[in-house]
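Here's the structure, in C-alpha coordinates; my notes come after.
Chain letters run A, B, ... following the sequence lines, proteins first and then strands; every chain starts at 1.
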2 protein chains.
Amino acid sequence: MEKYLKILREHGIKVTPQRLEILRFLDTHHTHPTADEIYHELRKKNPALSKTTIYNTIQSLTDHGLLHTLNFRTHEARFDSVINHHHHLLCSECGKVIDIEVECPFTKEKIAGGHRIDEVHGYFRGVCKDCLGIGGK
Amino acid sequence: MEKYLKILREHGIKVTPQRLEILRFLDTHHTHPTADEIYHELRKKNPALSKTTIYNTIQSLTDHGLLHTLNFRTHEARFDSVINHHHHLLCSECGKVIDIEVECPFTKEKIAGGHRIDEVHGYFRGVCKDCLGIGGK
DNA sequence: ACTCCATTTTGTAACCTTTACAATCTGATA
DNA sequence: TATCAGATTGTAAAGGTTACAAAATGGAGT
(Lines give C-alpha, C1' and ligand atoms only; values in the text may rest on other atoms or scores of the structure.)
Protein backbone atom coordinates (compact mmCIF):
# COMPACT_ATOMS: atom_id res chain seq x y z
CA MET A 1 0.00 0.00 0.00
CA GLU A 2 2.60 2.41 1.09
CA LYS A 3 4.70 1.59 -1.96
CA TYR A 4 2.06 2.39 -4.54
CA LEU A 5 0.87 5.48 -2.76
CA LYS A 6 4.42 6.71 -2.89
CA ILE A 7 4.74 6.01 -6.59
CA LEU A 8 1.59 7.93 -7.41
CA ARG A 9 2.59 10.91 -5.26
CA GLU A 10 6.07 11.03 -6.71
CA HIS A 11 4.60 11.31 -10.17
CA GLY A 12 2.01 13.88 -9.24
CA ILE A 13 -0.88 11.53 -9.89
CA LYS A 14 -3.82 12.09 -7.60
CA VAL A 15 -4.27 9.13 -5.28
CA THR A 16 -7.49 7.15 -5.47
CA PRO A 17 -8.31 3.65 -4.26
CA GLN A 18 -8.91 2.53 -7.83
CA ARG A 19 -5.53 3.72 -9.01
CA LEU A 20 -3.80 2.09 -6.07
CA GLU A 21 -5.47 -1.22 -6.81
CA ILE A 22 -4.69 -1.09 -10.51
CA LEU A 23 -1.09 -0.19 -9.84
CA ARG A 24 -0.75 -2.95 -7.28
CA PHE A 25 -2.27 -5.49 -9.59
CA LEU A 26 0.09 -4.59 -12.41
CA ASP A 27 3.08 -4.64 -10.11
CA THR A 28 2.26 -8.01 -8.58
CA HIS A 29 1.08 -9.73 -11.77
CA HIS A 30 3.61 -9.64 -14.54
CA THR A 31 1.29 -11.51 -16.86
CA HIS A 32 0.91 -8.63 -19.32
CA PRO A 33 -2.84 -8.52 -18.76
CA THR A 34 -5.41 -6.97 -21.06
CA ALA A 35 -7.64 -4.16 -19.82
CA ASP A 36 -10.43 -6.67 -19.55
CA GLU A 37 -8.39 -9.02 -17.40
CA ILE A 38 -7.49 -6.23 -15.01
CA TYR A 39 -11.12 -5.18 -14.92
CA HIS A 40 -12.53 -8.61 -14.11
CA GLU A 41 -9.90 -9.35 -11.52
CA LEU A 42 -10.30 -6.12 -9.59
CA ARG A 43 -14.05 -6.23 -9.88
CA LYS A 44 -14.04 -9.19 -7.52
CA LYS A 45 -13.12 -6.87 -4.68
CA ASN A 46 -14.75 -3.73 -5.99
CA PRO A 47 -17.92 -4.56 -7.94
CA ALA A 48 -18.54 -0.88 -8.65
CA LEU A 49 -15.35 -0.54 -10.61
CA SER A 50 -15.85 0.82 -14.09
CA LYS A 51 -13.97 -0.24 -17.16
CA THR A 52 -13.54 3.40 -18.09
CA THR A 53 -11.54 3.83 -14.91
CA ILE A 54 -9.24 1.04 -16.04
CA TYR A 55 -8.62 2.81 -19.32
CA ASN A 56 -8.26 6.23 -17.69
CA THR A 57 -5.74 4.91 -15.23
CA ILE A 58 -3.82 3.05 -17.92
CA GLN A 59 -3.61 6.31 -19.83
CA SER A 60 -2.45 8.20 -16.79
CA LEU A 61 0.21 5.67 -15.88
CA THR A 62 1.37 5.55 -19.47
CA ASP A 63 1.65 9.32 -19.66
CA HIS A 64 3.91 9.24 -16.62
CA GLY A 65 6.11 6.51 -18.05
CA LEU A 66 4.95 3.87 -15.58
CA LEU A 67 3.34 1.59 -18.12
CA HIS A 68 4.04 0.21 -21.58
CA THR A 69 1.55 -1.05 -24.12
CA LEU A 70 2.13 -4.25 -26.05
CA ASN A 71 0.30 -4.73 -29.34
CA PHE A 72 0.63 -8.32 -30.37
CA ARG A 73 -2.73 -8.65 -31.97
CA THR A 74 -4.73 -5.98 -33.67
CA HIS A 75 -7.61 -5.88 -31.21
CA GLU A 76 -5.84 -6.65 -28.00
CA ALA A 77 -3.62 -4.30 -26.05
CA ARG A 78 -1.62 -5.76 -23.19
CA PHE A 79 0.05 -3.79 -20.45
CA ASP A 80 3.41 -4.08 -18.78
CA SER A 81 4.49 -2.18 -15.70
CA VAL A 82 8.06 -3.42 -15.92
CA ILE A 83 9.64 -0.47 -17.62
CA ASN A 84 13.25 -1.53 -17.81
CA HIS A 85 14.00 -2.65 -21.31
CA HIS A 86 13.24 -6.20 -22.34
CA HIS A 87 11.73 -8.07 -25.24
CA HIS A 88 8.63 -10.24 -25.29
CA LEU A 89 7.76 -13.67 -26.57
CA LEU A 90 4.22 -14.64 -27.44
CA CYS A 91 3.96 -18.40 -27.08
CA SER A 92 1.88 -19.88 -29.85
CA GLU A 93 1.10 -22.92 -27.69
CA CYS A 94 -0.11 -21.48 -24.38
CA GLY A 95 -0.68 -17.88 -25.42
CA LYS A 96 1.36 -16.46 -22.59
CA VAL A 97 3.53 -13.42 -23.03
CA ILE A 98 6.95 -13.98 -21.56
CA ASP A 99 9.66 -11.48 -20.72
CA ILE A 100 12.98 -12.04 -22.39
CA GLU A 101 16.00 -10.28 -21.00
CA VAL A 102 18.29 -9.74 -23.92
CA GLU A 103 21.29 -7.86 -25.06
CA CYS A 104 19.77 -5.86 -27.87
CA PRO A 105 22.13 -3.59 -29.77
CA PHE A 106 19.39 -1.09 -30.59
CA THR A 107 18.72 -0.15 -27.02
CA LYS A 108 22.03 1.64 -26.99
CA GLU A 109 22.00 3.09 -30.49
CA LYS A 110 20.19 6.35 -30.82
CA ILE A 111 20.36 6.53 -34.59
CA ALA A 112 19.63 3.86 -37.22
CA GLY A 113 19.67 4.57 -40.94
CA GLY A 114 19.65 8.28 -40.21
CA HIS A 115 16.48 8.06 -38.12
CA ARG A 116 16.34 8.89 -34.44
CA ILE A 117 15.36 5.94 -32.26
CA ASP A 118 13.44 6.76 -29.08
CA GLU A 119 11.92 3.41 -28.20
CA VAL A 120 12.77 -0.15 -29.08
CA HIS A 121 10.20 -2.91 -29.01
CA GLY A 122 11.19 -6.48 -29.70
CA TYR A 123 8.41 -9.00 -30.16
CA PHE A 124 9.07 -12.64 -30.77
CA ARG A 125 6.69 -15.39 -31.70
CA GLY A 126 7.58 -18.94 -30.87
CA VAL A 127 7.15 -21.59 -28.23
CA CYS A 128 8.07 -20.99 -24.62
CA LYS A 129 10.37 -23.12 -22.53
CA ASP A 130 7.56 -24.75 -20.59
CA CYS A 131 5.61 -25.79 -23.67
CA LEU A 132 8.76 -27.09 -25.31
CA GLY A 133 9.47 -29.21 -22.26
CA ILE A 134 6.03 -30.76 -21.98
CA GLY A 135 5.09 -31.83 -25.46
CA GLY A 136 7.77 -30.80 -27.89
CA LYS A 137 11.37 -31.57 -28.44
CA MET B 1 0.01 -8.01 -64.53
CA GLU B 2 1.90 -11.08 -65.52
CA LYS B 3 4.04 -10.87 -62.41
CA TYR B 4 1.19 -10.97 -59.92
CA LEU B 5 -0.72 -13.61 -61.82
CA LYS B 6 2.39 -15.75 -61.58
CA ILE B 7 2.75 -15.20 -57.86
CA LEU B 8 -0.82 -16.23 -57.18
CA ARG B 9 -0.57 -19.33 -59.36
CA GLU B 10 2.71 -20.39 -57.81
CA HIS B 11 1.08 -20.31 -54.39
CA GLY B 12 -2.05 -22.10 -55.47
CA ILE B 13 -4.24 -19.07 -54.87
CA LYS B 14 -7.14 -18.81 -57.28
CA VAL B 15 -6.69 -15.83 -59.56
CA THR B 16 -9.29 -13.06 -59.44
CA PRO B 17 -9.12 -9.45 -60.60
CA GLN B 18 -9.54 -8.25 -57.00
CA ARG B 19 -6.63 -10.31 -55.75
CA LEU B 20 -4.43 -9.17 -58.59
CA GLU B 21 -5.19 -5.54 -57.83
CA ILE B 22 -4.62 -5.90 -54.11
CA LEU B 23 -1.35 -7.72 -54.66
CA ARG B 24 -0.22 -5.12 -57.17
CA PHE B 25 -1.09 -2.29 -54.84
CA LEU B 26 0.85 -3.81 -51.97
CA ASP B 27 3.83 -4.53 -54.18
CA THR B 28 3.98 -1.04 -55.66
CA HIS B 29 3.19 0.90 -52.48
CA HIS B 30 5.51 0.09 -49.63
CA THR B 31 3.69 2.48 -47.34
CA HIS B 32 2.46 -0.21 -44.95
CA PRO B 33 -1.17 0.66 -45.63
CA THR B 34 -4.14 -0.18 -43.45
CA ALA B 35 -6.99 -2.28 -44.83
CA ASP B 36 -9.01 0.89 -45.13
CA GLU B 37 -6.35 2.63 -47.17
CA ILE B 38 -6.14 -0.27 -49.59
CA TYR B 39 -9.91 -0.32 -49.81
CA HIS B 40 -10.33 3.36 -50.61
CA GLU B 41 -7.51 3.43 -53.11
CA LEU B 42 -8.68 0.42 -55.10
CA ARG B 43 -12.28 1.51 -54.95
CA LYS B 44 -11.41 4.39 -57.24
CA LYS B 45 -11.00 1.95 -60.09
CA ASN B 46 -13.47 -0.67 -58.89
CA PRO B 47 -16.38 0.95 -57.02
CA ALA B 48 -17.97 -2.44 -56.43
CA LEU B 49 -15.06 -3.65 -54.37
CA SER B 50 -16.01 -4.87 -50.92
CA LYS B 51 -14.03 -4.38 -47.79
CA THR B 52 -14.61 -8.00 -46.92
CA THR B 53 -12.68 -8.91 -50.03
CA ILE B 54 -9.78 -6.83 -48.77
CA TYR B 55 -9.76 -8.75 -45.51
CA ASN B 56 -10.24 -12.11 -47.19
CA THR B 57 -7.37 -11.48 -49.55
CA ILE B 58 -5.14 -10.21 -46.75
CA GLN B 59 -5.87 -13.43 -44.90
CA SER B 60 -5.13 -15.53 -47.94
CA LEU B 61 -1.87 -13.78 -48.72
CA THR B 62 -0.85 -14.00 -45.08
CA ASP B 63 -1.58 -17.72 -44.97
CA HIS B 64 0.73 -18.20 -47.91
CA GLY B 65 3.52 -16.16 -46.37
CA LEU B 66 3.18 -13.29 -48.81
CA LEU B 67 2.15 -10.68 -46.28
CA HIS B 68 3.07 -9.58 -42.79
CA THR B 69 0.90 -7.72 -40.31
CA LEU B 70 2.25 -4.80 -38.29
CA ASN B 71 0.51 -3.85 -35.06
CA PHE B 72 1.77 -0.49 -33.92
CA ARG B 73 -1.41 0.79 -32.41
CA THR B 74 -4.40 -1.04 -31.06
CA HIS B 75 -7.17 -1.33 -33.64
CA GLU B 76 -4.91 -0.50 -36.53
CA ALA B 77 -3.29 -3.27 -38.52
CA ARG B 78 -0.86 -2.33 -41.26
CA PHE B 79 0.33 -4.66 -43.97
CA ASP B 80 3.71 -5.24 -45.51
CA SER B 81 4.36 -7.34 -48.58
CA VAL B 82 8.13 -7.10 -48.22
CA ILE B 83 8.79 -10.38 -46.54
CA ASN B 84 12.54 -10.35 -46.17
CA HIS B 85 13.43 -9.54 -42.62
CA HIS B 86 13.61 -5.91 -41.55
CA HIS B 87 12.54 -3.73 -38.68
CA HIS B 88 10.15 -0.79 -38.70
CA LEU B 89 10.20 2.73 -37.40
CA LEU B 90 7.03 4.62 -36.62
CA CYS B 91 7.80 8.31 -36.94
CA SER B 92 6.09 10.29 -34.21
CA GLU B 93 6.23 13.43 -36.37
CA CYS B 94 4.79 12.38 -39.72
CA GLY B 95 3.24 9.07 -38.73
CA LYS B 96 4.92 7.17 -41.52
CA VAL B 97 6.17 3.64 -41.07
CA ILE B 98 9.68 3.28 -42.43
CA ASP B 99 11.63 0.14 -43.22
CA ILE B 100 14.91 -0.23 -41.42
CA GLU B 101 17.41 -2.73 -42.72
CA VAL B 102 19.35 -3.89 -39.73
CA GLU B 103 21.68 -6.53 -38.52
CA CYS B 104 19.58 -8.04 -35.76
CA PRO B 105 21.19 -10.84 -33.78
CA PHE B 106 17.85 -12.51 -33.07
CA THR B 107 17.07 -13.26 -36.69
CA LYS B 108 19.76 -15.90 -36.59
CA GLU B 109 19.22 -17.25 -33.11
CA LYS B 110 16.56 -19.91 -32.83
CA ILE B 111 16.60 -20.07 -29.05
CA ALA B 112 16.53 -17.29 -26.44
CA GLY B 113 16.26 -17.94 -22.73
CA GLY B 114 15.28 -21.53 -23.43
CA HIS B 115 12.34 -20.49 -25.62
CA ARG B 116 12.10 -21.29 -29.30
CA ILE B 117 12.01 -18.21 -31.53
CA ASP B 118 10.03 -18.53 -34.76
CA GLU B 119 9.51 -14.89 -35.70
CA VAL B 120 11.26 -11.67 -34.79
CA HIS B 121 9.55 -8.32 -34.98
CA GLY B 122 11.46 -5.15 -34.26
CA TYR B 123 9.47 -1.96 -33.85
CA PHE B 124 11.06 1.38 -33.18
CA ARG B 125 9.48 4.66 -32.29
CA GLY B 126 11.31 7.84 -33.04
CA VAL B 127 11.68 10.52 -35.66
CA CYS B 128 12.51 9.71 -39.24
CA LYS B 129 15.39 11.14 -41.24
CA ASP B 130 13.18 13.49 -43.24
CA CYS B 131 11.49 15.00 -40.20
CA LEU B 132 14.82 15.39 -38.44
CA GLY B 133 16.17 17.28 -41.43
CA ILE B 134 13.28 19.67 -41.77
CA GLY B 135 12.60 20.96 -38.28
CA GLY B 136 14.74 19.18 -35.76
CA LYS B 137 18.37 18.86 -35.01
C1' DA C 1 -13.05 18.67 10.98
C1' DC C 2 -15.49 21.43 7.18
C1' DT C 3 -16.06 23.53 2.61
C1' DC C 4 -15.05 23.96 -1.86
C1' DC C 5 -13.57 22.85 -6.39
C1' DA C 6 -11.05 20.58 -9.71
C1' DT C 7 -10.45 16.06 -10.80
C1' DT C 8 -11.97 11.31 -10.93
C1' DT C 9 -15.22 7.70 -11.30
C1' DT C 10 -19.11 5.68 -13.22
C1' DG C 11 -22.45 4.05 -16.74
C1' DT C 12 -24.09 4.38 -21.14
C1' DA C 13 -23.59 5.01 -25.75
C1' DA C 14 -20.81 5.77 -29.69
C1' DC C 15 -16.87 4.54 -32.46
C1' DC C 16 -13.94 1.86 -35.43
C1' DT C 17 -11.74 -2.06 -37.19
C1' DT C 18 -12.42 -6.67 -38.00
C1' DT C 19 -15.23 -10.90 -38.50
C1' DA C 20 -19.49 -13.74 -39.55
C1' DC C 21 -22.80 -14.97 -42.61
C1' DA C 22 -25.86 -15.79 -46.52
C1' DA C 23 -26.85 -14.79 -51.24
C1' DT C 24 -24.93 -13.98 -55.58
C1' DC C 25 -21.36 -14.33 -58.80
C1' DT C 26 -17.30 -16.22 -61.14
C1' DG C 27 -12.95 -18.86 -62.40
C1' DA C 28 -11.25 -23.19 -63.72
C1' DT C 29 -12.03 -27.73 -65.23
C1' DA C 30 -14.23 -31.08 -67.98
C1' DT D 1 -20.61 -24.50 -72.69
C1' DA D 2 -22.09 -26.51 -68.19
C1' DT D 3 -20.93 -27.26 -63.69
C1' DC D 4 -19.51 -26.40 -59.01
C1' DA D 5 -16.35 -25.19 -55.52
C1' DG D 6 -14.69 -21.19 -54.15
C1' DA D 7 -14.74 -15.94 -54.26
C1' DT D 8 -17.13 -11.59 -53.85
C1' DT D 9 -20.46 -8.66 -52.02
C1' DG D 10 -23.36 -6.28 -48.54
C1' DT D 11 -25.20 -6.27 -44.23
C1' DA D 12 -24.99 -7.13 -39.63
C1' DA D 13 -22.59 -8.46 -35.53
C1' DA D 14 -18.58 -8.71 -32.56
C1' DG D 15 -15.06 -6.89 -29.59
C1' DG D 16 -11.98 -3.52 -27.66
C1' DT D 17 -11.56 1.30 -26.93
C1' DT D 18 -13.12 6.08 -26.48
C1' DA D 19 -16.45 10.06 -25.64
C1' DC D 20 -19.47 12.17 -22.73
C1' DA D 21 -22.27 13.90 -18.89
C1' DA D 22 -23.75 13.25 -14.23
C1' DA D 23 -22.45 11.97 -9.68
C1' DA D 24 -18.69 11.21 -6.48
C1' DT D 25 -14.50 12.19 -4.20
C1' DG D 26 -9.55 13.62 -2.95
C1' DG D 27 -6.88 17.26 -1.21
C1' DA D 28 -5.93 22.08 -0.11
C1' DG D 29 -7.15 25.88 2.59
C1' DT D 30 -9.78 27.53 6.33
> With distance as the sole criterion, do the side chain of B:Thr53 and the base of D:dA7 form a donor-acceptor contact below 3.5 Å?
Replying inline: no

> Run the side chain to side chain contact (heavy atoms under 4.5 Å, CB included) check on A:Arg43 and A:Glu41 step by step: do they pass?
Replying inline: CA-CA 5 Å; A:Arg43 217 157 198 273; A:Glu41 191 59 36; over 6 Å; no

> Between B:Lys51 and B:Asn56, which has a closest nucleotide on DNA chain C that is more 5'?
Replying inline: B:Lys51

>> With a 4.0 Å cut-off on N to O distance, would you call B:Asp80 and B:Arg78 a salt bridge?
In response: no

> Could B:Asp27 and B:Lys3 be called an ion pair, given the rule that one side-chain N must be under 4.0 Å from one carboxylate O?
Replying inline: yes

> Is any side-chain N or O of B:Gln59 closer than 4.0 Å to OP1 or OP2 of C:dT19?
Replying inline: no

> What is the distance, rounded to the nearest whole Å, between atom CG of A:Leu20 and atom P of D:dG27?
Replying inline: 9 Å

> A:Leu8 has an atom CG; how far is it from atom P of C:dT8, in whole Å?
Replying inline: 11 Å

> Could you give the CD-to-P distance, from B:Glu37 to C:dC16, as a whole number of Å?
Replying inline: 15 Å

> Contact class for A:Thr34 vs. all strands (heavy atom < 4.0 Å): base, sugar-phosphate, or nothing?
Replying inline: nothing

>> Below 30° counts as parallel, above 60° as perpendicular, anything between as tilted: where do the rings of A:His88 and A:Tyr123 land?
In response: tilted

>> If I take atom CG in residue A:Asp36 and atom C1' in nucleotide D:dT17, what distance separates them, rounded to the nearest angstrom?
In response: 11 Å

>> In whole Å, I'd like the distance from the CG atom of A:Leu61 to the C1' atom of C:dT8.
In response: 14 Å

> Is the backbone N or O of B:Ile100 less than 3.5 Å from a side-chain atom of B:His87, with the two atoms forming a donor-acceptor pair by type?
Replying inline: no

>> If you go through the side-chain atoms of B:Thr52, does one of them form a donor-acceptor pair with the base of C:dA20 closer than 3.5 Å?
In response: yes

>> I need the CG-P distance between B:Asn71 and D:dT17, as an integer number of Å.
In response: 12 Å

>> What is the distance, to the nearest angstrom, from the OH atom on B:Tyr39 to the C1' atom on C:dC16?
In response: 14 Å

Between the protein and nucleotides 22-28 of chain C, which nitrogen or oxygen pairs are less than 3.5 angstrom apart?
from   : atom 1 : to      : atom 2 : distance (Å)
C:dG27 : O3'    : B:Val15 : O      : 3.3

>> Can you give me the closest heavy-atom contact between A:Phe25 and A:Leu42, atom names plus distance?
In response: CB-CD2, 4.0 Å

> Out of C:dT17, C:dT10, D:dG10, which has the shortest distance to the side chain of B:Tyr55?
Replying inline: C:dT17

> For A:His40 and D:dG16, what is the distance between atoms NE2 and C1' respectively, to the nearest whole Å?
Replying inline: 12 Å

> In terms of side-chain geometry, is the basic nitrogen of B:Asp36 or B:Lys51 positioned less than 4.0 Å from the acidic oxygen of its partner?
Replying inline: yes

> With nearest nucleotides of DNA chain C determined for A:His75 and A:Asn46 from heavy-atom distances, which residue corresponds to the more 5′ nucleotide?
Replying inline: A:Asn46

> Taking the nucleotide of DNA chain D with the closest heavy atom to each, which residue, B:Thr74 or B:Ile13, is nearer the 5' end?
Replying inline: B:Ile13

> Would one find a side-chain N or O of A:Arg73 under 4.0 angstrom from OP1 or OP2 of D:dG15?
Replying inline: no

